Amino acid sequence: MIDIKLLRDRPEVVRASQRARGEDEGVVDAVLEAEQRRRRSLTAFEQLRAEQKSLGKEVAKAQGEEKQALLARTKELSQHVKDLQAEADAAQAELDSLLLSIGNVIIDGVPSGGEDDYVVLEEIGTPRDFAAEGFEPKDHLELGEALDAIDMGRGAKVAGARFYFLKGQGARLEMGLLSLAVRKAIEAGFTPVITPTLVNRRTMAGAGFIDAHLEEVYHLPADDLFLTGTSEVALAGLHTDEVIDLSSGPIRYAGQSTCYRREAGSYGKDTRGIIRVHQFNKIEMFVYCRPEDAEAEHDRLLQMEKDMLALIDVPYRIIDTAAGDLGGPAARKFDCEAWVPTQGRYRELTSTSNCTTFQARRLNTRFKRDTEGGPRNEVAATLNGTLATTRWLVAILENHQQADGSVVVPEGLREAVGLDVLTPVR
RNA sequence: GGAGGUGUCGCCUAGUCCGGUCUAUGGCGCCGCACUGCUAAUGCGGUUUGGGUUUAUCGCCCAUCGAGGGUUCAAAUCCCUCCACCUCCGCCA
């Protein structure tokens, strides 16, 4: 949820953000109007409520005929107060639903437009020239099957399409990758966390995954619980309704969890292999900090991702995602996309978002700031970023394959995986 | 799954049976001031959170006793639903 004070004081900033996202900017005026209505109805209610309370005290003291007269007055007043309260509640609800419909205000510099309007910030590494090496690269599934590392068929048998088994060298590769990511995070001062993967409605909504992503989310109606598509959700909810201590700097977590996504509306897309699946594992960084530190923290998260990608040694590029492709909570998002040889294009491996105060406002996570007028509670900023996922195996397998179908484990991963080369078993 | 108990403004706690004097008691902690070689002790004052009004303050007002409904002129207090925690029973990878 955006800050209504910002919208009130500088509506043009919110309008510009909405425009860049390709969203309705008229909602800004609707909010201003709803806010007026809310204040008017609230004032009316509060005045009458104050009168009701003071009359109530007289009733308590009065006797006999006087009491009866007061009761008559106050009964009438009671209904009036209820009506005004209902009006004020309705105005508040209307305001809230308008505010919830507005995405986070983008940060200056974020490119306008949609999915294809990203800006490439940096390209790192050079794709291998397989033609010059004299062989046709195999895709990750063909490699994975020959290594007996990936089994899609049995995944489908047990659970359905887009499910899979990782086994043997495949399981070792993933476990090594994830444990290396956690180790790097710990070295950088992050606290490792294993999170719940089922969360309640408030947490899911607060993290921003119910409005736009409802179709994407597995829901268990019997318990009204939601399977999370990333540990970001649980980590965002970790400090709900708390005042956290940021006096000695940002709080940095590295969450490990299995992630569940319905992938509704992606029928026919990436149906082969483990690029787009219903279940995968991920190490996710999550930071709470003061709003003024958020952009620096964002750069830090991106640097963590770059360091991690350097360890798996694949060519990749960094893009600054366009406003229309940010999703509601993010004010800016950088994706790192690795080169996938058999697709001849870059595919997302990491994504780091600066959500500023958007998530924390919904989840009521604040910190104490000392000001001249004394300590004040202020909404914290949150950021998240990927440090490793199952999908990374795709880039590792394809970029490090050899003509005989074996795969060289990148140097930086060898110790964690415990293998130098993955060898075909058939 | 069943039975019982608990939930009060940082922590502990009074109040709930029997609705109005609760503008929620007291202690601890914390903050400020005073006193004092320093510290401690002592004394005085302050100390939930959100919102409205005014916005330069002070102030005044409303909401908030786990959450949400209800009864009532009036709810921390009575009723209902839900949530969390504790004890016991049952079941169980």
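A, B, ... follow the sequence lines: proteins, then strands. Residue 1 opens every chain. Here the structure is a predicted model, which is why all the values come from computation and not from measurement.
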Q: Let me know, please, whether A:Q52 or A:K67 comes out on the 5' side of the other along RNA chain B by nearest nucleotide.
A: A:K67
Q) What's the CZ-C1' distance between A:R73 and B:A74, to the nearest Å? A) 15 Å
Q. So which nucleotide does B:U21 pair with, by the Watson-Crick or G-U wobble rule with both distances under 3.5 Å?
A. none
**Q.** Assigned partner base of B:U81, Watson-Crick or wobble definition, under 3.5 Å
**A.** B:A67
Q) Taking a pair as Watson-Crick or G-U wobble with both distances under 3.5 Å, which nucleotide is matched to B:U87? A) B:A3
Q) How close or far is atom C1' of B:G50 from atom CD of A:Q92, stated in whole angstroms? A) 11 Å
Q) What interatomic distance, in whole Å, is found between P of B:G52 and the corresponding atom of B:U57? A) 15 Å
Q: Any chance you could lay out the side-chain hydrogen bond (donor to acceptor under 3.5 Å, both in side chains) test for A:Q303 and A:R300, step after step, and finish with the verdict?
A: CA-CA 5 Å; A:Q303 187 57 51; A:R300 247 183 124 99; over 6 Å; no
Q.
Suppose you measure atom P in B:A75 against the same atom in B:A63; what distance do you get, rounded to whole Å?
A. 9 Å
Q: Using a heavy-atom cut-off of under 4.0 Å over every strand shown, decide if A:R366 touches base, sugar-phosphate, or nothing.
A: sugar-phosphate
Q) Does a donor on one side chain sit under 3.5 Å from an acceptor on the other, for A:E174 and A:N281? A) yes
Q. Considering only the P atoms, how many Å lie between B:U42 and B:G27, rounded to the nearest integer?
A. 12 Å
Q) Between B:C82 atom C1' and A:R202 atom CZ, what is the distance in whole Å? A) 15 Å
**Q.** G-U wobble or Watson-Crick pairing nucleotide for B:U16 (cut-off 3.5 Å, both distances)
**A.** none
Q) Could you run down nucleotides 51-64 of chain B 5' to 3' and tag each one B, S or - for protein heavy-atom contact under 4.0 Å? A) BSS-------SBS-
(Q) Distance alone, cut at 3.5 Å: any donor-acceptor contact between the side chains of A:E87 and A:S41? (A) no
**Q.** Side chains of A:E398 and A:T342, donor plus acceptor under 3.5 Å
**A.** yes
Q.
Give me the distance, rounded to whole Å, that separates B:G68 from B:A76 when you measure between the C1' atoms they each carry.
A. 16 Å
Q) Rounding to the closest angstrom, what is the interatomic distance between B:C88 and B:G32 at atom P? A) 47 Å
(Q) Only pairs with both distances under 3.5 Å count, Watson-Crick or wobble alike; so what is the partner of B:A40 in this structure? (A) none
Q) CG of A:N364 versus C1' of B:A67: gap in Å, rounded? A) 14 Å
Q | Separation of the P atoms in B:U81 and B:G5, to the nearest angstrom | A | 14 Å
Q. Are A:E378 and A:K368 within salt-bridge range, i.e. N to O under 4.0 Å?
A. no
Q) Can you find a side chain N or O atom of A:S78 that sits less than 4.0 Å from OP1 or OP2 on B:A74? A) yes
Q. Under a 3.5 Å cut-off for both distances, is B:U53 Watson-Crick or wobble paired, and to whom?
A. B:G59
Q. Over how many whole Å does the gap from A:D241 atom CG to B:C83 atom C1' extend?
A. 13 Å
Q) Among all residues two or more places apart in sequence or in another chain, which pass the side-chain contact (heavy atoms from CB on, under 4.5 Å) test with A:P196? A) A:A234
Q. Residues in side-chain contact (heavy atoms from CB on, under 4.5 Å) with A:Y118, at least two apart?
A. A:V120, A:R317, A:I319
Q | Rounded P spacing from B:C17 to B:C79 in Å | A | 9 Å
(Q) Taking the P atom in each of B:C11 and B:C60, what is the distance between them to the nearest angstrom? (A) 28 Å
Q. In whole angstrom, what separates A:N200's CG from B:A84's C1'?
A. 12 Å
Q.
Using the rule side-chain hydrogen bond (donor to acceptor under 3.5 Å, both in side chains), only one of A:T389, A:D335, A:T230 pairs with A:S351; which is it?
A. A:D335
Q: Take the protein atom CZ of A:R376 and the nucleotide atom C1' of B:U47, then report the distance between them rounded to whole Å.
A: 16 Å
Q. Taking the inter-plane angle between the rings of A:Y288 and A:H239 on a 0 to 90° scale, is it parallel (under 30°), tilted (30 to 60°) or perpendicular (over 60°)?
A. perpendicular
Q | Candidates B:C73, B:U23, B:U49 - which lies nearest the side chain of A:K57 | A | B:U23
Q.
Rounded to whole Å, please give me the gap between CG in A:L77 and C1' in B:U72.
A. 14 Å
